[in-house]
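For reference, the structure is listed below as structure tokens.
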Amino acid sequence: MAHQLTKDGFPIGAGAMIEQLECDPHPLLARLRASEPVSWIPALQCWLVTDHELTLRVMRDATTFTVDDPRFSTGQVVGPSMLTLDGSEHARHRDPFARAFGLADVRAQFTELVGEETDRLIDAIEPHGAADLRTALTGPLSVATVAHALGLADADASEVLGWYAAIVDSVTSVTEGGDVTAAGEKAFAALRAGIERSLEQEAVSLLGSAAAGPEGLTRQEVVSNAAVLMFGGIETTDGMLANVLLHLLSHPGELELVDVDRSLIANVVEESLRLEPAAAVIDRYATRDAELGAAAVRAGELVRVSIAGANRDPRVFEEPDRFDVRRRGARRHIAFAHGPHVCIGIHLARLEATAAITRLLDRLPGLRLDPARRSAPTGLVFRKPPTLHFLWNRS
């Protein structure tokens with residue numbers, strides 16, 4: 001058996017800076033993956049896993065690497081949910097929602113909605129010939145879809161977005177060692193009130209189904225899980241859409257291929273998810289001492305899986321830093337996580353991205369990045385461009 005290294009045995013990790021991981025992490029992740037695929041990062045006070053095979057091992061083994069830890073920031077803000085539980089309790093929280101997000105149900109419930117909402121948003125910007133598509137399309141589309149999924153019919157998109165932003169800020173505060181914010185508490189209370197109103201309606205809804213029957217969730221548990229769905233459905237979907245657009249429009253040769261063959265769009269989405277996943281890392285906590293690669297992980301330590309690092313593992317993806325819309329096996333990425341906590345909205349996210357990209361290319365001729373206002377993905381945990389300025393030819 002290979003000698004297991006303790007925290008001081010990882011020189012590349014010791015020199016890693018948070019700024020590197022926030023701005024352009026991929027050169028550092030490549031060095032770590034090649035020499036220290038599991039490395040102690042003092043700047044983050046955690047183990048960082050960048051190897052594809054080892055990330056799968058961590059995500060599959062909820063007994064050894066769990067989310068069920070009081071330090072989990074989202075749990076401190078919204079309470080226990082499918083995101084912060086493992087084992088039978090995780091299944092009890094997740095299963096009522098997972099049934100509604102199967103592929104057939106998603107296509108039946110959301111195809112028309114997503115198409116109509118995308119067209120409505122394009123109608124508003126088409127005459128101008130220019131827009132920041134983060135604020136004009138990717139953000140509003142993700143908010144509208146989540147509001148529909150949660151049955152928040154009496155809350156407009158700006159209201160839902162306000163709740164979301166305050167809850168995210170509160171989670172960020174806790175992650176950085178602060179307290180749950182007053183604004184976060186107020187937003188969560190408003191979300192709870194909106195969900196209570198939804199549950200009181202007689203119409204069949206996702207939330208109502210989750211609370212129904214003797215094995216159903218309590219109302220507080222429904223609210224906590226709804227907050228998690230709202231967070232994931234807005235943050236990661238907005239980021240996914242923005243990154244897909246940025247990648248495709250930054251590579252004119254690949255865009256030409258898509259212009260000729262629209263059937264490539266589904267693989268465009270997968271390749272973008274591989275190259276720059278909207279959720280770059282996920283957290284687990286070791287429940288016992290464990291060997292992981294060359295690392296001696298101790299019980300209670302934070303093990304952070306780098307989805308961004310694993311998705312560019314050259315042993316899995318040839319020329320991993322290249323954006324290739326015809327890449328075979330692009331779906332081997334793990335941008336939606338893996339194991340018991342695989343993303344519940346995977347089918348909906350793909351539907352939104354495919355519909356939005358198709359309609360944008362069809363309806364905005366000459367769609368291109370604004371050369372004077374370019375931006376790139378940033379963020380330690382969630383990665384997306386802060387703005388996304390595009391131009392197109394006005395008819």
What donor-acceptor contacts under 3.5 angstrom involve side-chain atoms of residues 263-280, with partners at least two apart or in another chain?
| from | atom 1 | to | atom 2 | distance (Å) |
| --- | --- | --- | --- | --- |
| Ser263 | OG | Asp261 | OD1 | 2.5 |
| Ser263 | OG | Asp261 | OD2 | 3.1 |
| Asn267 | ND2 | Val325 | O | 2.9 |
| Asn267 | ND2 | Arg327 | O | 3.0 |
| Glu270 | OE1 | His333 | NE2 | 2.7 |
| Glu270 | OE1 | Arg350 | NH2 | 3.0 |
| Glu270 | OE2 | Arg350 | NE | 2.7 |
| Glu271 | OE1 | Arg274 | NE | 2.8 |
| Glu271 | OE1 | Arg327 | NE | 3.0 |
| Glu271 | OE2 | Arg274 | NH2 | 3.1 |
| Glu271 | OE2 | Asp324 | N | 2.9 |
| Glu271 | OE2 | Arg327 | NE | 2.9 |
| Glu271 | OE2 | Arg327 | NH2 | 3.4 |
| Ser272 | OG | Asn243 | O | 3.4 |
| Ser272 | OG | Val244 | N | 3.3 |
| Ser272 | OG | His247 | ND1 | 2.8 |
| Arg274 | NH1 | Asn311 | O | 3.1 |
| Arg274 | NH1 | Pro320 | O | 2.8 |
| Arg274 | NH2 | Pro320 | O | 3.0 |
| Arg274 | NH2 | Arg322 | O | 3.1 |
| Glu276 | OE1 | His26 | NE2 | 3.3 |
| Glu276 | OE2 | His26 | NE2 | 3.1 |
| Glu276 | OE2 | Arg383 | NE | 2.9 |

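- Inter-residue side-chain proximity for Val305 and Ile307 is flagged as met; some heavy-atom pair is nearer than 4.5 Å.
- Contact check for Arg284 versus Thr66: no side-chain heavy atoms found under the 4.5 Å cut-off.
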- Message: Before you tell me yes or no, could you show the steps for Glu235 and Lys384 under salt bridge (charged side-chain N to carboxylate O under 4.0 Å, His left out), namely the whole-Å CA-CA distance, both residues' side-chain angles and the distance that decides it to 0.1 Å?
- Response: CA-CA 9 Å; Glu235 178 66 38; Lys384 59 188 175 185; 3.2 Å; yes
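- In the hydrophobic clustering of ILVMFWY residues, with side-chain heavy atoms under 4.5 Å counting as a link, Leu367 and Leu255 come out together.
- Among residue pairs with one or both ends in residues 134-145, those qualifying as salt bridge (charged side-chain N to carboxylate O under 4.0 Å, His left out) are Arg134-Asp238; sequence neighbours excluded.
- Under the 4.5 Å side-chain heavy-atom criterion for Ile, Leu, Val, Met, Phe, Trp and Tyr, Val316 and Leu54 are members of distinct hydrophobic clusters.
- Here the side chains of Ile41 and Met17 are not in contact, with every heavy-atom distance at 4.5 Å or above.
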- Worked verdict on Arg92 versus Glu89 for salt bridge (charged side-chain N to carboxylate O under 4.0 Å, His left out): CA-CA 5 Å; Arg92 186 176 72 85; Glu89 273 297 282; 2.9 Å; yes
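- Between His90 and His341, the ring-plane angle classifies as tilted under the 30° and 60° cut-offs.
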- Message: Would Glu112 and Arg107 count as a salt bridge (charged side-chain N to carboxylate O under 4.0 Å, His left out) here? Give the steps.
- Response: CA-CA 8 Å; Glu112 184 176 354; Arg107 285 176 174 171; over 6 Å; no
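- Taking the side chain as every heavy atom from C-beta outward, Asp370 and Phe390 never approach each other to under 4.5 Å.
- A donor-acceptor pair is defined here as one N or O able to donate and one able to accept, closer than 3.5 Å; no such pair exists between the side chain of Asp61 and the backbone of Arg57.
- For residues 351-369, the side-chain hydrogen bond (donor to acceptor under 3.5 Å, both in side chains) pairs, not counting sequence neighbours, are Asp119-Arg359, Asp119-Arg363, Asp123-Arg363, Glu126-Arg363, Thr145-Glu352, Arg262-Asp362, Arg368-Asn393.
- At distances below 3.5 Å, not a single donor-acceptor pair connects side-chain atoms of Thr55 with backbone N or O atoms of Ala310.
- Contact check for Val281 versus Leu21: no side-chain heavy atoms found under the 4.5 Å cut-off.
- Of all non-hydrogen atoms in Ile234 and Ser142, the two that sit nearest each other are O-OG, 3.7 Å.
- Residue Glu22 places its CD atom among more than 12 non-hydrogen atoms of other residues, nucleotides or ligands, all under 6.0 Å distant.
- By the 4.5 Å heavy-atom criterion applied to side chains, Leu121 and Ile125 are not counted as neighbours.
- Summarising the geometry of His52 relative to Asp313, their closest heavy-atom pair is N-OD2, 3.1 Å, with the distance given to 0.1 Å.
- Contact detail for Ala295 and Val38: the closest heavy-atom pair is CB-CG1, 3.6 Å.
- Within a 6.0 Å sphere centred on CZ of Arg71, other residues, nucleotides and ligands contribute more than 12 heavy atoms.
- Tested against Ile167 for a side chain to side chain contact (heavy atoms under 4.5 Å, CB included), the candidates Thr74, Val180, Val78, Thr181 yield a single pass: Val78.
- A distance below 6.0 Å separates the ring centres of Phe10 and Trp47.
- Residue Lys7 qualifies as enclosed at atom NZ: its count of foreign heavy atoms under 6.0 Å is above 12.
- Enclosure of atom CD in Gln109 is not indicated, since only 12 or fewer non-hydrogen atoms of other residues, nucleotides or ligands lie within 6.0 angstrom.
- Between the side chains of Thr387 and Asp132, no donor-acceptor pair of N or O atoms lies under 3.5 Å.
- Nearest approach of Ala330 to Phe317, heavy atoms of both residues: O-CE2, 4.3 Å.
- Residues Ser375 and Pro385 come closest through the heavy atom pair OG-CB, 3.5 Å.
- Counting only heavy atoms from C-beta outward, the side chains of Phe188 and Val77 never approach each other to under 4.5 Å.
- The 12-atom threshold is not exceeded at CD of Glu318, counting heavy atoms of other residues, nucleotides or ligands nearer than 6.0 Å.
- In terms of heavy-atom proximity, Phe382 sits nearest to Thr236 at CE2-CG2, 4.0 Å.
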